[in-house]
Peer 1: 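Below you will find the structure I want to go over with you.
Each ligand, and each atom within it, is numbered from 1 in the order the structure gives.
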Amino acid sequence: MKITCTHHAMHQAGGAASLLFVFEDAFSSRAARLGPLEKTAGPWIKKTGWTGKLHRVALIPTASETGPAFILLAGLGKKKDFHPGRLEQAAAAATRTAGHSKVHSLALPALELVPDNALPPPEALRAILRGVAAGAYSFSQFKTSKSKTPAQETDVILAGLRRPGAELQKAMDEGRIVAEIFAEVRDIANLPANEATPSIITQKVRVLARRHGLSFRLLDQAALRHEKCNALLAVAQGSRNPPCVIELTYKGRTRQQAPIVLLGKTITFDSGGISLKPGKGMEWMKFDKCGGMAALAATLAAARLKLDRPVIGMLAIAENMPGGNATRPGDIVRARSGKTIEILNTDAEGRLILADALSLAAEHKPSAIIDLATLTGAVVVALGHAASGLMGNNQNLLDELQHAGKACGDPLWPLPLWPDYRDDIRGQFADIKNIGEGSAGTIIGGIFLREFVPDSIPWAHLDIAGTAWLESTKPYGAVGATLAGAKLLIEWMARKPGR
Ligand code: BES
Ligand code: ZN
Ligand code: ZN
């Protein structure tokens, strides 16, 4: 994605289309700020009765010989409901529509990216660039005939501004870097489990780490045995593909500081193990690696954006299969922390791999640990697909993350980890068991994980099971991995002053 600035006005900026965002209320061609382009678009808008409903896009041919071939209007919905996520989705919808008509460069009015500057320009630009990148993305490497979905980047031209100010320039750079990283990581996240075994993922992450300048450390199965990560190992033992843990380190700009650990559940396929999942819909469990993919994207971005604080990206990688050596319901393992766990349901595997990974993470003496995991189906019952679940042991950290999520359209919603829930995982034959009695499934997941985090380390758990992928293509995004969680982590790390 090329992002450029020009002093030329919109209709002379050289984009194949002029992109204008509009609110649904009080919509008119005037409100759309078309300038000289109103001559062509105005009558069209009147005739069709088009309004700026969210996700609606109008691609209007201009028949102009010198100006843009199209005017692209993107609806933002009602002004009172506006938030950065809606702007991103509108930008994505516009980009998708434009792409279908082979329009791959968009000019925008730099000084008023959204009507009335409902968002300050740098923030608006960040949201728009995320949307353009998301709208241009498609995963088609396994489609033999590529003609239908040619992968093509979309360029953005900011019109009416000779030179961007420092803030806008920063947003442009950030947009370009994040778009590149997201496309690379989504290409891994969208791979089916046969093409993304733990060892294949390891290779791919190693390549990315090298390319983006991070150090790479692998704990293979032997190392995990040595480290007594028995809970993690128990998850993988029904699969022929051995597990591993990857640590990517970005040293930060101020080296004395304690690192932030971003830890992701990376189950390359979750069959449920001996507690086998039903067949219907099981194919979606190739996306059970999305926590790790979000942690990866955010860690790479931190390095490329040269953020202040050191970051360690940790991927706990395993495949959950029901092979002959698989863990059985009732099996008891001693986790790395020393706690014993009764594995009553082998499908509650994410918390088992994270238990040991959290212990490993704590050894870095981090200033915070944030884990991301497609941990429970229950979070989809609670929150649907509109927000990820947020839990943790430090209110300040939770507030910061929720705030960051809101600011960039990657929302989180809190659930409590009250001590009262702890009884539910008391073990009958071991210290704890890996499932509760059945209610408050998402909270129980969080309660279990908390057992493996020292109280002194601020920790947050993001349950992204409802947000990590789309099960069909939407106007604003392609089916498949979304990297939910990565955006808000980048926002949090970039906008938060160092501790
Ligand atoms: N990966 C699943 C959670 C999941 C389910 C994510 C559906 C996205 C969509 C997780 O490992 C799992 O199977 N969790 C169980 C926990 C239960 C056994 C306590 C679940 O949610 O049913
Ligand atoms: Zn499971
Ligand atoms: Zn799982």
Peer 1: Does atom NZ of Lys474 have more than 12 heavy-atom neighbours from other groups under 6.0 Å away?
Peer 2: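 Counting other residues, nucleotides and ligands, NZ of Lys474 exceeds 12 neighbours.
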Peer 1: Mind checking whether Leu375 contacts ligand 1 via backbone (N, CA, C, O), side chain (CB onward), both or neither, at a 4.0 Å heavy-atom cut-off?
Peer 2: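 The answer is the backbone.
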Peer 1: Taking atom CZ as the centre, does Arg426 end up with more than 12 heavy-atom neighbours from other residues, nucleotides or ligands that are less than 6.0 angstrom away?
Peer 2: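 No, the 6.0 Å shell around CZ holds no more than 12 heavy atoms from other groups.
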Peer 1: Give the atoms of ligand 1, by number and element, whose distance to some non-hydrogen atom of Lys265 is under 4.0 Å.
Peer 2: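 In order of number, 1 (N), 10 (C), 11 (O).
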Peer 1: Is there any N or O on Asn345 that sits under 3.5 Å from an N or O of ligand 1?
Peer 2: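 So ligand 1 has no N or O lying under 3.5 Å from an N or O of Asn345.
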Peer 1: Tell me the contacting part of Met282 for ligand 1: side chain, backbone, both, or neither, using a 4.0 Å heavy-atom threshold, strictly below.
Peer 2: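 It is neither part, as no heavy atom is under 4.0 Å.
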Peer 1: Please check atom 22 (O) of ligand 1 for a protein heavy-atom neighbour under 4.0 Å.
Peer 2: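 When distances to the protein are checked, atom 22 (O) of ligand 1 has no heavy atom within 4.0 Å.
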Peer 1: Starting from atom 12 (C) of ligand 1, locate the nearest protein heavy atom and write down its residue, its atom name and how far away it is, to 0.1 Å.
Peer 2: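 Protein heavy atom with the smallest distance to atom 12 (C) of ligand 1: Asp347 O, 3.2 Å.
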Peer 1: Which is it for Asp371 and Trp459 under the side chain to side chain donor-acceptor pair (under 3.5 Å) test, yes or no, and what are the steps along the way?
Peer 2: CA-CA 8 Å; Asp371 78 68; Trp459 157 75; 2.8 Å; yes
Peer 1: Would you name the N/O/S atom of Asp288 that lies closest to the Zn ion (ligand 3)?
Peer 2: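 That would be atom OD2.
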Peer 1: Would you say the Zn ion (ligand 3) has Lys265 as a near neighbour, meaning an N/O/S atom of that residue under 2.8 Å away?
Peer 2: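 Yes, Lys265 qualifies, because one of its backbone or side-chain N, O or S atoms lies under 2.8 Å.
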Peer 1: Is Arg336 salt-bridged to Glu363, cutoff N-O under 4.0 Å?
Peer 2: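 Yes.
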Peer 1: Taking side chain as C-beta onward, heavy atoms only, is Ile341 less than 4.5 Å from Phe448?
Peer 2: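 They are in contact (side-chain heavy atoms under 4.5 Å apart), so the answer is yes.
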Peer 1: Check the surroundings of atom NZ in Lys228: do more than 12 heavy atoms from other residues, nucleotides or ligands lie under 6.0 Å from it?
Peer 2: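 12 or below, so no.
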Peer 1: Could you identify the single nearest non-hydrogen protein atom to atom 16 (C) of ligand 1 and state the distance to 0.1 Å?
Peer 2: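 Here the closest protein heavy atom is Arg351 NH2, 3.9 Å.
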Peer 1: By atom name, which N, O or S atom of Asp270 is the nearest to the Zn ion (ligand 2)?
Peer 2: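 Sorting the N, O and S atoms of Asp270 by distance to the Zn ion (ligand 2) puts OD2 first.
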Peer 1: Just jot down the ligand 1 atoms closer than 4.0 angstrom to any heavy atom of Ala465, in number order.
Peer 2: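 This gives 6 (C), 8 (C) as the contact atoms.
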Peer 1: Could you tell me which N, O or S atom of Glu349 is nearest to the Zn ion (ligand 3)?
Peer 2: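 In Glu349, the heteroatom (N, O or S) nearest the Zn ion (ligand 3) is OE2.
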Peer 1: With a 4.5 Å heavy-atom cut-off, do Arg126 and Val178 have their side chains touching?
Peer 2: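 In short, these two side chains do not touch, never coming nearer than 4.5 Å.
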Peer 1: Would you mind listing which atoms of ligand 1 come within a distance below 4.0 Å of any non-hydrogen atom of Asp288?
Peer 2: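 Numbered from 1, ligand 1 contributes 1 (N).
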Peer 1: Determine whether Asp356 and Val245 make a side-chain contact, defined as any pair of heavy atoms from C-beta on separated by less than 4.5 Å.
Peer 2: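 Not in contact.
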Peer 1: Going through the checks in order, is the salt bridge (charged side-chain N to carboxylate O under 4.0 Å, His left out) test met by Lys78 and Asp81?
Peer 2: CA-CA 5 Å; Lys78 298 224 165 66; Asp81 301 326; 5.8 Å; no
Peer 1: What residue and heavy atom of the protein are closest to atom 9 (C) of ligand 1, and at what distance?
Peer 2: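 Looking at atom 9 (C) of ligand 1, the protein heavy atom closest to it is Met285 CE, 3.6 Å.
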Peer 1: Would you mind finding which of Gly438, Gly441, Gly377, Ser271 brings a heavy atom closest to atom 4 (C) of ligand 1?
Peer 2: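 Among Gly438, Gly441, Gly377, Ser271, the closest heavy atom to atom 4 (C) of ligand 1 comes from Gly377.
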Peer 1: State whether the number of non-hydrogen atoms from other residues, nucleotides or ligands found under 6.0 Å of Lys406 atom NZ is greater than 12.
Peer 2: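 Count not over threshold, so no.
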Peer 1: Is the NE2 atom of His403 crowded by more than 12 outside heavy atoms at less than 6.0 Å?
Peer 2: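 It does not: His403 NE2 has 12 such atoms or fewer within range.
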Peer 1: If you measure every N or O of Thr376 against every N or O of ligand 1, does any of those distances drop under 3.5 Å?
Peer 2: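 N/O-N/O distance under 3.5 Å: no.
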Peer 1: At a 4.0 Å threshold, what atoms of ligand 1 neighbour a non-hydrogen atom of Ile435?
Peer 2: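 What qualifies from ligand 1 is 19 (C).
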Peer 1: Decide whether an N or O pair under 3.5 Å exists between Asp270 and ligand 1.
Peer 2: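 N/O-N/O distance under 3.5 Å: yes.
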Peer 1: Would you mind running through ligand 1 and noting each atom that sits below 4.0 Å from a heavy atom of Thr374?
Peer 2: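 Near Thr374, the atoms of ligand 1 are 1 (N), 2 (C), 3 (C), 6 (C).
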Peer 1: Using a heavy-atom cut-off of under 4.0 Å, does the side chain or the backbone of Trp469 touch ligand 1, or both, or neither?
Peer 2: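 Trp469 to ligand 1: side-chain contact only, backbone stays beyond 4.0 Å.
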Peer 1: Among Thr266, Asp288, Thr467, find the one that has a side chain to side chain donor-acceptor pair (under 3.5 Å) with Thr374.
Peer 2: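 Between Thr374 and the candidates, side chain to side chain donor-acceptor pair (under 3.5 Å) is satisfied uniquely by Asp288.
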Peer 1: Is there a donor-acceptor contact under 3.5 Å from the side chain of Arg86 to the main chain of Gly77?
Peer 2: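 Absent.
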Peer 1: Number the atoms of ligand 1 from 1 as they appear, then name those within less than 4.0 Å of a heavy atom of Glu349, with their elements.
Peer 2: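 The list of qualifying atoms is 11 (O).
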